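These numbers were taken from a predicted model, which means no experiment stands behind them. Just follow the structure's listing: the first ligand is 1, and inside any ligand the first atom is 1.
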Amino acid sequence: MVGIYTNHDLADSERRDLVFSGNLLLYGRNAATDALAQGAIELITAAFAPHEPQSAQFQLSVEEFIQIAGPLKTQFTNALRTKEQVRAVLEAFGCDLDDTYFDVPRLRIVPHGGYLSSGVSYAYKAHRDIWYASPTAQVNWWLPVFDVTADRAMSFFTEYWEKPLKNSSAEFDYGDWCAVGRKMAATQVKEDTRKHPLPQESVSVASELRIAGTRGEVIMFSASQLHSTAPNQSGATRFSIDFRTFSLKDLRSGRGAPNIDTKSTGTTIGDFLRASDFRPMDPGIIEKQHVA
Ligand SMILES: [Fe+2]
């Protein structure tokens with residue numbers, strides 16, 4: 001059973017308990033999440049000027065769109081200001097900044113229709129983040145930049161919280177994934193030809209759920225939750241922000257969501273930064289712990 005909790009005033013550890021039991025947590029905009037969204041809007045508006053960002057795709061060729069969207073996404077992700085804004089969000093939510101690690105936030109740009117669904121706008125098929133070697137202790141944070149409607153949202157398939165789905169995660173190794181990514185960057189290949197872990201049977205949409213929030217509202221969910229990019233049929237480009245967190249204490253104690261069907265190898269934890277000082281996570285901390 002998946003519950004939807006709206007605006008519950010909870011300690012971070014209590015929130016993680018709910019997330020690790022499959023619940024979705026929704027929070028209204030606060031000053032920190034609004035600043036993160038507004039920061040993105042500034043960059044997006046400047047990048048697409050003189051076009052209105054949500055309708056720019058109708059004035060631009062796909063090539064022109066990619067030339068704007070690619071550098072924009074990189075700029076957003078790499079800006080120190082973005083990381084500081086994420087830290088402010090974590091602080092606003094009462095996370096312990098010395099124990100909380102986050103990966104760099106991503107700006108997702110999902111155009112309307114069949115305009116572009118690969119490369120800079122890769123449309124994720126149904127997946128659990130743990131298929132991509134994320135830790136089960138991971139919490140995903142997802143925020144609309146501009147208001148989202150159900151026909152340009154993301155999809156959850158909540159029945160799979162308890163039900164395994166046949167998938168190709170056994171063929172996914174995070175080390176190989178990064179090596180291919182680095183090679184692609186070196187040869188400046190625009191299209192993402194990496195082998196994503198995918199469902200190997202049809203996905204039931206009986207429990208499909210789309211949450212249509214407004215600017216700076218937050219959806220928190222577990223890395224074990226099955227979700228996808230919903231096909232955008234809204235007539236406007238979707239812009240959203242997502243990032244992931246974990247608590248080092250959770251990693252150390254093995255606390256997290258269940259893993260019912262994932263066989264990927266490697267781990268993404270080395271990509272995470274400590275919220276207090278942006279120091280990269282040392283995966284050795286956990287490995288040493290396991291040896292001890
Ligand atoms: Fe995901």
Side-chain angles (χ1 to χ4, degrees), residues 2 4 16 19-20 22-26 40 73 76-77 86 101-110 117-145 148 150 152-161 163-174 177-178 181 192 194-200 203 205 207-213 217-232 238-246 256-272:
V2 170
I4 298 179
R16 298 202 305 278
V19 166
F20 297 155
N23 299 291
L24 306 178
L25 274 56
L26 311 184
K73 284 162 65 82
F76 174 80
T77 291
V86 169
Y101 286 70
F102 68 95
D103 72 347
V104 287
R106 313 286 153 90
L107 178 65
R108 307 284 175 191
I109 304 177
V110 182
S117 59
S118 61
V120 296
S121 292
Y122 179 76
Y124 279 84
K125 313 288 183 301
H127 68 279
R128 309 183 198 271
D129 281 20
I130 57 172
W131 290 0
Y132 286 83
S134 295
T136 53
Q138 179 177 298
V139 176
N140 289 23
W141 302 58
W142 194 98
L143 304 79
V145 173
V148 159
R152 63 165 175 274
M154 59 173 291
S155 295
F156 293 99
F157 303 93
T158 56
E159 68 190 274
Y160 290 99
W161 179 254
K163 200 164 84 179
L165 180 64
K166 211 168 160 251
N167 67 82
S168 62
S169 62
E171 294 161 39
F172 184 91
D173 176 77
Y174 191 62
W177 173 262
C178 295
D192 191 340
R194 292 181 291 185
K195 222 166 136 193
H196 290 260
L198 296 170
Q200 290 178 318
V203 178
V205 294
S207 65
E208 181 174 2
L209 173 69
R210 298 182 186 181
I211 296 168
E217 295 191 321
V218 180
I219 308 173
M220 280 179 215
F221 60 98
S222 158
S224 291
Q225 196 73 251
L226 193 75
H227 61 283
S228 72
T229 308
N232 181 346
R238 185 194 97 197
F239 293 86
S240 59
I241 296 167
D242 54 81
F243 61 91
R244 288 137 288 274
T245 57
F246 62 72
N259 167 13
I260 54 172
D261 60 14
T262 303
K263 297 192 176 76
S264 55
T265 53
T267 177
T268 61
I269 61 174
D271 294 347
F272 284 67

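- Among heteroatoms of the N, O or S kind in H127, NE2 lies nearest the Fe ion (ligand 1).
- Using cut-offs of 30° and 60° for the angle between ring planes, the F102 and F243 rings count as perpendicular.
- Take the N/O/S atoms of H227: the one nearest the Fe ion (ligand 1) is NE2.
- Of all non-hydrogen atoms in I211 and L26, the two that sit nearest each other are CD1-CD2, 3.8 Å.
- Atom CZ of residue F157 and atom NZ of residue K163 lie 12.0 Å apart, to the nearest 0.5 angstrom.
- When you scan the N, O or S atoms of D129 for the one nearest the Fe ion (ligand 1), you land on OD1.
- Ring centroid separation for the pair F172 and W131 does not come in under the 6.0 Å cut-off.
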